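Report on the following structure.
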Amino acid sequence: MDYQAILNLIERELTPDIKLGKVASYIPQLAKVDPLKFGVYLYCHDSTSYQFGDSQEKFSIQSISKVFTLIIAKELLGKDLWKRVHVEPSGTAFNSLTELERDQGIPRNPFINAGSIVVADTLLSALDHPKEDLLKFVQKLCGDDSISYNEAVAASEKAHGYRNKALVNYMKALGNIDNDPDDVLNFYFYQCSIVMSCEQLSKTFMLLANEGRHYKTQEQVIDPQSVKRINSIMQTCGFYDEAGEFSYRVGLPGKSGVGGGIVAVHPKHYSVAVWSPMLNSKGNSALGMKALERLTTLTGLSIF
Ligand code: GLN
């Protein structure tokens with residue numbers, strides 16, 4: 001498979017559409033990004049890699065971080081985690097309040113904000129140094145100690161995260177948050193502020209394309225059964241109320257973030273990350289969705 005030729009074609013085809021969508025502005029710090037950034041990095045099972053554009057520039061991974069915290073929480077809590085958060089697709093916006101009320105404070109899945117806030121709460125209870133431990137985990141998976149939080153993004157979200165405050169307080173009222181809501185949100189805002197490049201993300205997510213093994217050291221980090229579970233949740237819930245659309249168009253498990261990043265994995269084949277900050281109305285990268293649709297169409301490879 002000539003992945004580089006396919007990526008070059010995708011870049012040529014899609015660059016004229018680069019102005020589709022809008023950069024996220026409800027977190028003011030995110031609005032400062034150059035909207036015309038566009039990059040892809042694809043890391044293959046055989047350790048070859050292919051890329052174009054701004055694939056090595058770091059950006060705010062936002063909700064992509066929800067996969068990392070879920071992996072850790074699932075390892076620490078096992079099945080008990082599912083008493084606090086379910087695994088059903090939401091069909092509503094990632095920050096929906098009405099759905100949480102209908103679901104009596106048990107979030108539909110760990111990738112909507114309410115669900116990830118519950119996951120953050122479990123990590124706060126289970127870990128002595130949640131912030132440090134999360135960063136170390138991501139750094140280890142990537143094999144790169146330079147990965148860090150972005151203080152300005154975390155502070156910006158803290159100052160404007162009224163919906164998330166509503167979600168955490170509502171869940172606290174219904175008994176599904178153990179820690180102080182402000183502490184939980186603080187940690188949640190930090191996890192969302194992690195900055196990584198497409199290259200770093202695709203290497204890190206190889207864990208989920210490599211049966212739970214580290215892409216470089218081949219250390220077994222999580223077991224293949226856990227990979228099955230996490231990938232299934234990404235497939236059904238990774239794009240909120242656009243999960244069906246992404247699944248239909250791309251045919252891979254993936255996760256997006258309002259920073260404009262999307263990661264998708266094709267187990268035993270590759271992990272791919274794309275970044276284009278302009279979002280569609282569901283909060284997913286408009287060009288990123290198109291790029292991945294073209295990738296699985298042009299390669300003829302998807303999980304289906
Ligand atoms: N930090 C963002 C929020 O909580 C993450 C949302 C996202 O990336 N979809 O609103």
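Order of appearance sets the numbers: ligands from 1, and atoms from 1 within every ligand. Keep in mind the model is a prediction, meaning the values are calculated, not measured.
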- request: Would you indicate which of Lys66, Glu157, Gln62 comes nearest to atom 3 (C) of ligand 1 when only heavy atoms are counted?
  value: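 Answer by nearest heavy atom: Glu157.
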Starting from [atom], which protein heavy atom do you reach first, and at what distance in Å?
atom	answer
atom 4 (O) of ligand 1	Tyr188 OH, 2.7 Å
atom 10 (O) of ligand 1	Tyr26 OH, 2.7 Å
atom 6 (C) of ligand 1	Ser63 OG, 3.1 Å

Numbering the atoms of ligand 1 from 1, which are under 4.0 Å from a heavy atom of [X]?
X	result
Tyr240	7 (C), 9 (N)
Cys192	1 (N)
Gly257	8 (O)

message: Please give me the minimum heavy-atom distance between Met1 and Thr299, naming the atom from each residue.
response: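 Scanning both residues, the minimum pair turns out to be CE-O, 3.3 Å.
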query: Has Asn164 got any heavy atom lying under 4.0 angstrom from an atom of ligand 1?
result: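 True for this residue.
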task: Work out whether the distance between some heavy atom of Phe189 and some atom of ligand 1 is less than 4.0 Å.
output: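 Contact absent.
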query: Where's the contact between Asn113 and ligand 1, heavy-atom distance under 4.0 Å: side chain, backbone, both or neither?
result: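 The part of Asn113 near ligand 1 is the side chain, not the backbone.
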message: Looking only at side-chain N and O atoms, does Ser146 offer a donor or acceptor that is under 3.5 Å from a partner on Lys58?
response: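 Indeed, the side chains of Lys58 and Ser146 share at least one donor-acceptor pair under 3.5 Å.
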message: Can you see whether Lys66 engages Ser63 through a side-chain donor-acceptor pair at a distance of less than 3.5 angstrom?
response: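 Yes, a side-chain donor-acceptor pair sits under 3.5 Å.
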- prompt: Purely on distance, is any nitrogen or oxygen of Ser256 under 3.5 Å from one on ligand 1?
  reply: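 In this structure, Ser256 places no N or O atom under 3.5 Å from an N or O of ligand 1.
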message: Any nitrogen or oxygen of Val258, side chain or backbone, less than 3.5 Å from one on ligand 1?
response: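 Looking only at distances, the answer is yes, because the N/O contact criterion of under 3.5 Å is met.
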query: Cation over ring, Lys282 on Phe239, under 6.0 Å and within 45°?
result: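 Ring-cation test returns no.
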query: Can any side-chain N or O of Gln51 pair as donor or acceptor with the backbone N or O of Tyr43 at less than 3.5 Å?
result: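 No: the side chain of Gln51 does not pair with the backbone of Tyr43.
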- request: Return yes if some donor-acceptor pair links the side-chain N/O of Asn109 with the main-chain N/O of Pro89 below 3.5 Å, else return no.
  value: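 Here the side-chain-to-backbone pair does not exist.
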task: Only counting residues at least two apart or in another chain, list the ones meeting ring pair (Phe, Tyr, Trp, His ring centres under 6.0 Å) with Tyr270.
output: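 Partners of Tyr270 by the ring pair (Phe, Tyr, Trp, His ring centres under 6.0 Å) criterion, ordered by chain and then number, come out as Tyr3, His266.
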- request: State which residue, out of Thr122, Leu123, Ile233, fulfils the side-chain contact (heavy atoms from CB on, under 4.5 Å) condition with Leu70.
  value: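 Among the candidates, only Ile233 passes.
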